[in-house]
Amino acid sequence: MSSTLLRTTPALRGALRASGALKATGALSSASFVRGKATLPDLPYDYGALEPYISGKIMELHHKKHHQTYVNGLNSALETIAEAEGKGDLSKAASVAPLLNFHGGGHINHSLFWENLAPASREGGGEPDGALKKAIDSDFGSFDTFRKQMNTALAGIQGSGWAWLVKDKSAGTLNLVTRANQDPVTGPYVPLVGIDAWEHAYYLQYENRKAEYFEAIWNVINWKTVAARFEKS
């Protein structure tokens, strides 16, 4: 996956920070950009590779339609802000902040999400090992306790959102956090693995039985990539 950082002028970056539009700047390196434009990342597996836990139809719709919509919305918001910045209209740039946060967050969150998954016949499922396992055992008591707490957090999301395993950069400990809609993980936290609780992630297969989806997805979590992100953070 490409990790080219989004390029903006210093003045534009200042305007975005002032307006709160780039809350997720630090996470942009995990998303895909080409020449300053967001692009839809390729998946490292086929759409049907995560079956029976996540159907190929869901994966195709989720990736090609929903993620693409966030990419398009992010690029549109960036273009609008760039034009406003060029005209010195910082109020206009600031007015686009919610769209930039929503679509930018959607792009960042989903880019991480695809990396977090792998077919059960390959790296998917099971439990982490090494330093990540030790950290989970230390901060949650056991992997099973962590998984139950994560599922409880997911079930508690009202409407749409995400639950994340994060690393606190200051304390060095692991925590669980939830975010509404497409709000990205920011501040002192490094996102390690997130589970999408939006209906589009499961409804075609699980309908209103979202608890079944929350249980099933553990069979395709790619702990190898999660561990690599943990060790680099």
Side-chain angles (χ1 to χ4, degrees), residues 23-24 26-27 30-31 50 53-54 58-59 62 66-67 70 101-102 104-118 120 124-129 131-230 233:
K23 290 198 303 182
S30 297
L50 304 184
Y53 306 107
I54 304 180
I58 283 179
M59 289 297 295
H62 200 171
H66 290 282
H67 191 170
Y70 299 127
N101 184 69
F102 179 78
H107 180 41
I108 292 164
N109 292 342
H110 283 85
S111 294
L112 287 171
F113 184 60
W114 309 133
E115 292 180 352
N116 289 340
L117 304 177
E127 299 183 13
D129 55 19
L132 179 59
K133 174 178 173 52
K134 291 180 180 178
I136 288 175
D137 288 346
S138 174
D139 294 322
F140 295 97
S142 68
F143 176 78
D144 189 55
T145 299
F146 153 69
R147 186 175 64 177
K148 289 178 180 178
Q149 289 184 12
M150 185 79 147
N151 283 355
T152 298
L154 285 160
I157 293 173
Q158 300 297 313
S160 301
W162 294 72
W164 293 90
L165 172 66
V166 300
K167 180 178 180 180
D168 187 317
K169 291 180 287 188
S170 300
T173 56
L174 300 180
N175 294 285
L176 290 177
V177 300
T178 59
R179 293 291 182 268
N181 300 314
Q182 293 297 348
D183 286 356
V185 174
T186 58
Y189 298 128
V190 177
L192 299 180
V193 59
I195 295 179
D196 190 346
W198 282 65
E199 283 190 345
H200 64 234
Y202 64 84
Y203 199 81
L204 288 179
Q205 182 174 1
Y206 293 96
E207 297 179 336
N208 65 329
R209 304 184 309 277
K210 63 181 182 180
E212 292 182 22
Y213 158 70
F214 298 150
E215 286 291 342
I217 199 170
W218 293 103
N219 293 284
V220 289
I221 295 295
N222 187 342
W223 290 110
K224 183 178 180 180
T225 61
V226 179
R229 195 172 295 123
F230 168 75
S233 62

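FYI, the numbering just counts along the sequence from 1. Hydrogens, waters and symmetry mates play no part in the numbers below; they use all other heavy atoms, side chains included.
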query = In terms of the angle between their ring planes, are Trp223 and Phe146 parallel, tilted or perpendicular, with boundaries placed at 30° and 60°?
reply = perpendicular
query = Listed by chain and number, what are the side chain to side chain donor-acceptor pair (under 3.5 Å) partners of Asn151, not counting sequence neighbours?
reply = Glu215, Trp218
request  = Evaluate the side-chain proximity of Ile136 to Pro128: yes if any heavy-atom separation is below 4.5 Å, no if none is.
outcome  = yes
ask   = Looking at side-chain heavy atoms only, is the closest gap between Asp196 and Tyr213 below 4.5 Å?
value = yes
key: Evaluation steps, side chain to side chain contact (heavy atoms under 4.5 Å, CB included), between Asp183 and Asn109   = CA-CA 8 Å; Asp183 286 356; Asn109 292 342; over 6 Å; no
ask   = Quick one: does Leu174's side chain get under 4.5 Å of Val166's, heavy atoms only?
value = no
ask   = So how far is it from Ile217 CD1 to Met150 CE, rounded to the nearest 0.5 Å?
value = 9.0 Å
query = Any donor-acceptor pair under 3.5 Å linking the side chain of Ser111 with the backbone of His107?
reply = yes
request  = Hey, could you give me the CG/CD1 distance between Leu117 and Ile54, rounded to the nearest 0.5 Å?
outcome  = 5.5 Å
message = Taking salt bridge (Lys or Arg N to Asp or Glu O under 4.0 Å) as the cut-off, I'd like each qualifying pair that reaches into residues 152-166, sequence neighbours left out, listed once.
response = none
note = For Ala163 and Ile157, the nearest pair of non-hydrogen atoms, with its separation, is N-CD1, 4.0 Å
Set of salt bridge (charged side-chain N to carboxylate O under 4.0 Å, His left out) partners for Lys169, sequence neighbours left out = none
Pro184 side chain near Asn101 side chain, heavy-atom distance below 4.5 Å = yes
inquiry  = For Leu50 and Met59: C-alpha separation, side-chain torsions, deciding distance, then whether side chain to side chain contact (heavy atoms under 4.5 Å, CB included) applies.
reply    = CA-CA 8 Å; Leu50 304 184; Met59 289 297 295; 3.8 Å; yes
remark   = Scanning both residues in full, the closest heavy-atom pair of Phe143 with Gly126 reads CZ-O, 4.0 Å
note = Sequence neighbours excluded, the answer for salt bridge (charged side-chain N to carboxylate O under 4.0 Å, His left out) partners of Lys133 is Asp137
query = Between Trp114 and His67, is any side-chain donor less than 3.5 angstrom from a side-chain acceptor?
reply = yes
Only distances under 3.5 Å count here; give the side-chain donor-acceptor pairs of residues 187-194 to other protein atoms, sequence neighbours excluded, each with its distance to 0.1 Å.
none

ask   = Do Glu127 and Arg147 pass the salt bridge (Lys or Arg N to Asp or Glu O under 4.0 Å) test, and can you show the C-alpha distance, the side-chain angles, and the key distance before you say yes or no?
value = CA-CA 10 Å; Glu127 299 183 13; Arg147 186 175 64 177; over 6 Å; no
ask   = What do you reckon, are the aromatic ring centroids of His62 and Phe113 less than 6.0 Å apart?
value = yes
remark   = Those residues at least two apart in sequence (or on a different chain) that pass side chain to side chain donor-acceptor pair (under 3.5 Å) with Arg179 are none
key: With Trp164, the side-chain contact (heavy atoms from CB on, under 4.5 Å) member among Asn175, Leu112, Ile195, Thr178   = Leu112
ask   = Mind checking what makes side chain to side chain donor-acceptor pair (under 3.5 Å) contact with Glu199, not counting sequence neighbours?
value = none
inquiry  = Closer than 3.5 angstrom, by distance alone: can the side chain of Asn219 be matched with the main-chain N or O of Ala216 as a donor-acceptor pair?
reply    = yes
key: Lys224: side chain to side chain contact (heavy atoms under 4.5 Å, CB included) partners, not counting sequence neighbours   = Glu123, Asn222
note = Sequence neighbours excluded, the answer for ring pair (Phe, Tyr, Trp, His ring centres under 6.0 Å) partners of Tyr70 is Phe102, His110
query = Who passes side chain to side chain donor-acceptor pair (under 3.5 Å) against Trp162, sequence neighbours left out?
reply = Gln182
ask   = Partners of Asp129 by salt bridge (charged side-chain N to carboxylate O under 4.0 Å, His left out), sequence neighbours excluded?
value = none
key: Residues that Gln149 engages under side chain to side chain contact (heavy atoms under 4.5 Å, CB included), provided they are two or more places apart   = Phe140, Thr145, Leu176
